[in-house]
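Following: one structure in structure tokens, then a few remarks.
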There are 2 protein chains.
Amino acid sequence: METRELRYFVAVAEELHFGRAAQQLGIAQPPLSRAIQQLERRLGAALLERGSRGVTLTEAGSVLLREGRAALDAIDAAERRTRRAALAPTGQPGVVLVTKAGATGELLAKLLDAYAAEPGAVAVDVMLCGIGEQERLLRDGRADVALLHRPFDSTAGLDTEELHAEGQVVVLPAGHPLTGRARVRMSDVAALPGLPLPRWPHADGTFPDGAGPPVHHHTQLLQLIALGRASAILPESVRAELRDGLVAVPVADAPTVTTVIAWPPHSRSRAVAALVRAATRL
Amino acid sequence: METRELRYFVAVAEELHFGRAAQQLGIAQPPLSRAIQQLERRLGAALLERGSRGVTLTEAGSVLLREGRAALDAIDAAERRTRRAALAPTGQPGVVLVTKAGATGELLAKLLDAYAAEPGAVAVDVMLCGIGEQERLLRDGRADVALLHRPFDSTAGLDTEELHAEGQVVVLPAGHPLTGRARVRMSDVAALPGLPLPRWPHADGTFPDGAGPPVHHHTQLLQLIALGRASAILPESVRAELRDGLVAVPVADAPTVTTVIAWPPHSRSRAVAALVRAATRL
DNA sequence: AGCGGCGATACCTCCCCGGTATCGGACCAG
DNA sequence: CTGGTCCGATACCGGGGAGGTATCGCCGCT
């Protein structure tokens, strides 16, 4: 199977429309139709159901969509990492570390300091991204190592080391009745009238249903809370960045949040290994 | 990057010889040379060092070899799983479960029974393989789920659930002085004269250096022990398959062996999920 | 100097990819 | 049922690229 065919198929499977997929790929529709037919012939499998009401995926087609995306990511990763390795004529090409914008500020600073002090340390590019993007960045080679927070971030398919565990607090606008309490329970928070919990995007970019405002970024969320439009349950360490007008109250029965350092499993890079070692020694 | 180029590069990187690589790929040498040059141009990276004393990998080249193998595995997996999904017009295509020949006999039987009793269970093909092959089989799509033994098998890049933990015993020929002991320590075993521990192959198929006999299979090993040529430290459950002439003595300070069920992280197959659920309920 | 091994180059052929034009079936409006 | 439109499939053509053969250039060995 050639990557060209795979890219074409993924485009069609996502659009469920040959014409639009072809446009998006920058080719005409007929060669796209032919490429998909040829792929189906070679695999001996019907991938798409062409009905008069548009195109639908067969069972085999949805398998290929899932597996094919992973394969294309792996190819992108190979290409990117090779390019980066080539840019550094001497030794390691520098490491890209990715973490959610607005989180892990202190831990990250300590980690970078500790690693920089090691002999043979290379440049670490810090990349900040939105919620749920890290796994993708690691898989397609744009990043080499990430700081994640379980149980929020999925660590499926990644190697991890635990760095830090902490409880959670509920962040509320100052003056809210609950701010007087020493600690609260999940049930207290779930029932808050007029202060819905925000909705984070899933890995595929869609949002769960619900009443709360959709949120991509940390700071965005804190602002909403200050405006009295939402509340949120977040790790204790947000206390460090609470502005005036925001109050944090511990939530007794919220799940513990574990900060982990994660990397793709076949990453045998010396620099990543050293970074992980530095992190576990913090 | 096209898979053809990637396959060509991996062949050359493994052979470190254009002529032999071309022969192995079934093409002539000149097109292979050109393909590699074109790949290097497109990546903007020197991958191979052509010296008069043959070919060597550059830093970027070894990155691409490692990442490229993973990407090719992912493509093979996509192709195999799609083909298998297409063969089953109704529902799921059957699951391939892989485990080491000679191990986990009882646990496996119970798992298959428990899963078969579930509603909606599909056919489970059991595949037996040698030491260290399971991870590869999962990655390139020849298998969907595996029974592994930590810490011997690497579970890097796989999702796992723990099923069973057990201590280890040393297996000795009957009549050996140590067989009178109720239990022994690692240091007792390491010092055994004339009964070296066997060497298992690494993931890449090579053997570590040492005195012991190289071993691929369980039964092979037990036979060597009965002949008085080796001893081995193995999980307790081997007791069930000890023939006459073999004795097992618990090793107090050997690491615990954990049997886990493992699957590739993006495997969203309903059948694999049900199998894992059945396994954790055992 | 002569020779053998090995990768690069030159040059040719043919296939396959992509483009344009057109077809054919499904659905819709009247 | 007829004309229109939407959409994927088919027909056909042209160019680029993949692979083949022959040969070169370089290095090391004797």
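So you know, we letter chains A, B, ... as the sequences are listed, proteins then strands, and number each from 1. Computed over heavy atoms, backbone and side chain alike; hydrogens, waters and symmetry mates excluded. Computed from a prediction, not measured in an experiment: that's the story for all the values here.
- A salt bridge does not link R83(A) to E40(B): none of the charged nitrogens lies less than 4.0 Å from a carboxylate oxygen.
- Side-chain N/O atoms of R7(A) and T3(A) include a donor and acceptor closer than 3.5 Å.
- Looking at residues 1-25 of chain A, you'll see R4(A), Y8(A) sit with a heavy atom under 4.0 Å from some atom of DNA chain C.
- The CD atom of Q38(B) sits 14 Å away from the P atom of dG16(D) (whole-angstrom rounding).
- Between R136(B) and D73(B) there is a salt bridge, with a side-chain nitrogen of the basic residue lying less than 4.0 Å from a carboxylate oxygen of the acidic one.
- For the pair D153(A) and K100(A), the salt-bridge criterion is met [side-chain N within less than 4.0 Å of a carboxylate O].
- With hydrogens and angles ignored, the 3.5 Å screen pairs no side-chain donor or acceptor of H149(A) with any backbone N or O of F152(A).
- Side-chain atoms of E5(B) come within 3.5 Å of backbone atoms of E2(B) as a donor-acceptor pair (strictly under, hydrogens ignored).
- Remark: C1' of dG17(D) and CG of L39(B) are 16 Å apart, rounded to the nearest angstrom.
- If you find the closest nucleotide of DNA chain D to L32(B) and to G51(A), the one lying nearer the 5' end belongs to G51(A).
- Q29(A) comes within 4.0 angstrom of a base, heavy atoms only.
- Residues S33(B) and Q37(B) bring no donor and acceptor atom of their side chains to less than 3.5 Å of each other.
- Salt-bridge formation is detected for the pair R84(A)/D144(A): a Lys NZ or Arg NE/NH1/NH2 atom is positioned less than 4.0 Å from an Asp or Glu carboxylate oxygen.
- Side-chain to base pairing of R34(B) with dG17(D): no donor and acceptor N or O lie closer than 3.5 Å to each other.
- Of all nucleotides in DNA chain C, those with any atom nearer than 4.0 Å to a heavy atom of chain B start and finish, going 5' to 3', at dC6(C) to dT9(C).
- Distance I36(B) CD1 to dA18(D) C1': 14 Å, rounded to the nearest Å.
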